[in-house]
Amino acid sequence: MEYVNLGRTGLKVSPLCLGTMNFGPQTTEEDSFAIMDRALELGINFFDTANVYGWKMGEGVTENIVGRWFAQGGGRRERTVIATKFHGKMGEWPNEGMQSALHIRRACDASLKRLQTDYIDIFQAHHIGRETPFEEFWEAMDILRRQGKIIYVGSSNYAGWHIAKAQESAARKGMLGLVSEQSHYNLLTRKVELEVLPACEDYGLGVIPWSPLAGGLLGGVLRKIDKGRSASENMVKELDKHRGKIEQYEAFCDELGEDPAHVGLAWLLTRPAVTAPIIGPRTLDQLDGTMRTLEIELDDKVLARLDEIFPGHRTAPEDYAW
């Protein structure tokens, strides 16, 4: 495994990030433990979770699974860079969601308890907190960092101007600011190329793409649907919307002799500012197969063909102005 720096930091992480959103709802605890153990064996040291994963309000189902895995010892916690997120509702009472300083503090303490750890490596805002000024946000983060409860701060689903505003606010306090941004980014969804990626590149944030395979559309969906898999109503609807592009893409991947999922992930690793796409394997076989991604090299000709199938964006404002 060749590790990379997370953005401008000295933190070394694997170029694939293990997403845990399936742990609990779709993957049993026993299988989740096996996947996390195997990830470490493969050299994947970067795990991502969130307090709302598990989708039972206030329970933190997935964080609890990760915490019980850490509790087994064997260097599991020490070898893992754990990133978790806050923002979503964890209860019906006021201040049990969003980004007031009060909720940030409570959310951190609750995640620490569920994860059975003394500190969180990267504490991430799951969305922009429109009601909270960044002065309050950074004051809360500064206190948590001084208390030794968090090391780095990241964002998710921020617009480019949110990143700029956050970084300038942090700079006024003499703080490091954001070190990472989780964005919805894949061959089909490329709007972040307008302003988010340029902002991250300029401010030195490592981009962690979520849904890197567009919910399965870029994972060889045509052959799976033909075999009766991935045939949910929503998947069929999305496929109908993009069928022409997906047919071209899968045919091109066949020409390359590569799995569409691996090509989609390998493409993301060629993008500016991208550190590690989030993979969400439900089985050990899926995890093992994903490692092929790190062996694929996409030359300029291949990248140009992918741009033809899935047109992207230039940096704003040149994308739409002179």
Test item: T20 and Y53 side chains (from C-beta on) under 4.5 Å apart, heavy atoms:
yes
For L40 versus N45, what's the shortest heavy-atom pair and its separation?
CD2-CA, 4.4 Å
Given V153 and R145, is the side chain to side chain contact (heavy atoms under 4.5 Å, CB included) satisfied, shown in steps?
CA-CA 9 Å; V153 180; R145 194 167 183 274; over 6 Å; no
Centre-to-centre under 6.0 Å for Y152 and F123, is that the case here?
no
Assess whether side chain to side chain contact (heavy atoms under 4.5 Å, CB included) is satisfied between T80 and M36, documenting all intermediate values.
CA-CA 10 Å; T80 301; M36 288 186 281; over 6 Å; no
Got a donor-acceptor contact below 3.5 angstrom from the K224 side chain to the G219 backbone?
yes
Take T27 and R282, measure what side-chain hydrogen bond (donor to acceptor under 3.5 Å, both in side chains) needs, and give me the verdict at the end.
CA-CA 6 Å; T27 305; R282 294 187 298 275; over 6 Å; no
Nearest non-hydrogen partners of S100 and N95, listed with the distance:
OG-OD1, 3.9 Å
What pair of heavy atoms forms the shortest contact from L176 to V179, and how long is it?
CD2-CG1, 3.7 Å
So, do I151 and I120 sit near enough that their side-chain heavy atoms are less than 4.5 Å apart?
no
Given salt bridge (Lys or Arg N to Asp or Glu O under 4.0 Å), test E59 with R114 step by step and report yes or no.
CA-CA 9 Å; E59 294 189 20; R114 285 188 293 265; over 6 Å; no
Looking at every non-hydrogen atom in both residues, tell me the closest pair between N186 and P212 and how far apart they are.
CB-O, 3.1 Å
I122 side chain near L6 side chain, heavy-atom distance below 4.5 Å:
yes
When you compare the side chain of L197 with that of V207, does any pair of heavy atoms fall below 4.5 Å?
yes
Evaluate side-chain hydrogen bond (donor to acceptor under 3.5 Å, both in side chains) for N157 paired with W210, printing each intermediate quantity in order.
CA-CA 10 Å; N157 304 307; W210 61 265; 3.0 Å; yes
Looking at D307 and R190, is any side-chain nitrogen of the basic one under 4.0 Å from a carboxylate oxygen of the acidic one?
yes
Out of curiosity, F46 CZ to L11 CG, how far, rounded to the nearest 0.5 Å?
7.5 Å
The single option from E181, Q182, Q124 passing side-chain hydrogen bond (donor to acceptor under 3.5 Å, both in side chains) against S155
E181
Roughly how far, to the nearest 0.5 Å, is the CG atom of L102 from the OG1 atom of T132?
11.0 Å
Indicate, with yes or no, if the rings of F23 and W69 have centres closer together than 6.0 Å.
no
D259 side chain to A261 backbone, donor-acceptor under 3.5 Å
yes
Salt-bridge test for K149 and D109: reply yes if a basic N is under 4.0 Å from a carboxylate O, no otherwise.
yes
Check whether more than 12 heavy atoms from other residues, nucleotides or ligands sit under 6.0 Å from atom CD of E297, and answer yes or no.
no
Any carboxylate oxygen within less than 4.0 angstrom of a Lys/Arg side-chain nitrogen, looking at R314 and E193?
no
When every non-hydrogen atom of P15 is compared with those of E2, the smallest separation belongs to CD-O, 3.5 Å
How about CG on D240, more than 12 heavy atoms from neighbouring residues, nucleotides or ligands closer than 6.0 Å, or not?
yes
Considering only NZ, NE, NH1 and NH2 on the basic side and carboxylate oxygens on the acidic side, decide whether K173 and E135 come within less than 4.0 Å.
no
Less than 4.0 angstrom from a charged side-chain N to a carboxylate O is my criterion; do D48 and K85 meet it?
yes
Separation between CZ (R172) and CD (Q167), nearest 0.5 Å, reads 11.5 Å
Group every Ile, Leu, Val, Met, Phe, Trp and Tyr by side-chain heavy-atom contacts under 4.5 Å, then state whether V4 and L205 land in the same group.
no
Can W267 and F310 be said to form a ring pair (Phe, Tyr, Trp, His ring centres under 6.0 Å), step by step?
CA-CA 12 Å; W267 175 81; F310 304 104; 8.3 Å; no
Can you tell me if NZ on K245 sees more than 12 non-hydrogen neighbours from other groups inside 6.0 Å?
yes
Just by distance, do the side chain of T293 and the backbone of T290 share a donor-acceptor pair under 3.5 Å?
yes
Tell me, with the steps shown, if C200 and V196 meet side chain to side chain contact (heavy atoms under 4.5 Å, CB included).
CA-CA 6 Å; C200 289; V196 175; 4.2 Å; yes
Mark yes or no for whether S32, through its side chain, and T28, through its backbone, hold a donor-acceptor pair below 3.5 Å.
yes
Check this for me, if you would: do E96 and K89 make a salt bridge, where the nitrogen-to-carboxylate-oxygen distance has to be below 4.0 angstrom?
no
Check the hydrophobic clustering (I, L, V, M, F, W, Y; side-chain heavy atoms under 4.5 Å; chains of links allowed) and say if L194 and Y185 are grouped together.
no
Decide whether E168 and Y203 meet the rule of one side-chain donor and one side-chain acceptor closer than 3.5 Å.
yes
E78 side chain to G73 backbone, donor-acceptor under 3.5 Å
no
Value rounded to 0.5 Å, distance of OG in S14 from OH in Y3
6.5 Å
Can you tell me how far the CZ atom of R106 sits from the CG atom of N51, to the nearest 0.5 Å?
14.0 Å
Please give me the minimum heavy-atom distance between V221 and L217, naming the atom from each residue.
CG1-O, 3.5 Å
Are S111 and E63 linked by a side-chain donor-acceptor pair shorter than 3.5 Å?
yes
Please say which of H87, H184, H162 ends up in a ring pair (Phe, Tyr, Trp, His ring centres under 6.0 Å) with H127.
H87
Contact between I208 and P277 at the side-chain level, heavy atoms closer than 4.5 Å - yes or no?
no
Reported CG-to-CD distance for the pair L287 and E41, which is rounded to 0.5 angstrom:
9.5 Å
Distance under 6.0 Å and angle within 45° of the ring axis: does R77 meet both against F70?
yes
Pair D285 + R38, salt bridge at N-O below 4.0 Å
no
Going through the distances and angles, do H313 and Y320 end up as a side chain to side chain contact (heavy atoms under 4.5 Å, CB included)?
CA-CA 9 Å; H313 296 275; Y320 48 79; over 6 Å; no
Other residues, nucleotides, ligands: >12 heavy atoms within 6.0 Å of E30 CD:
no
Look at D299 together with R305 and state whether they make a salt bridge at an N to O cut-off of under 4.0 Å.
no
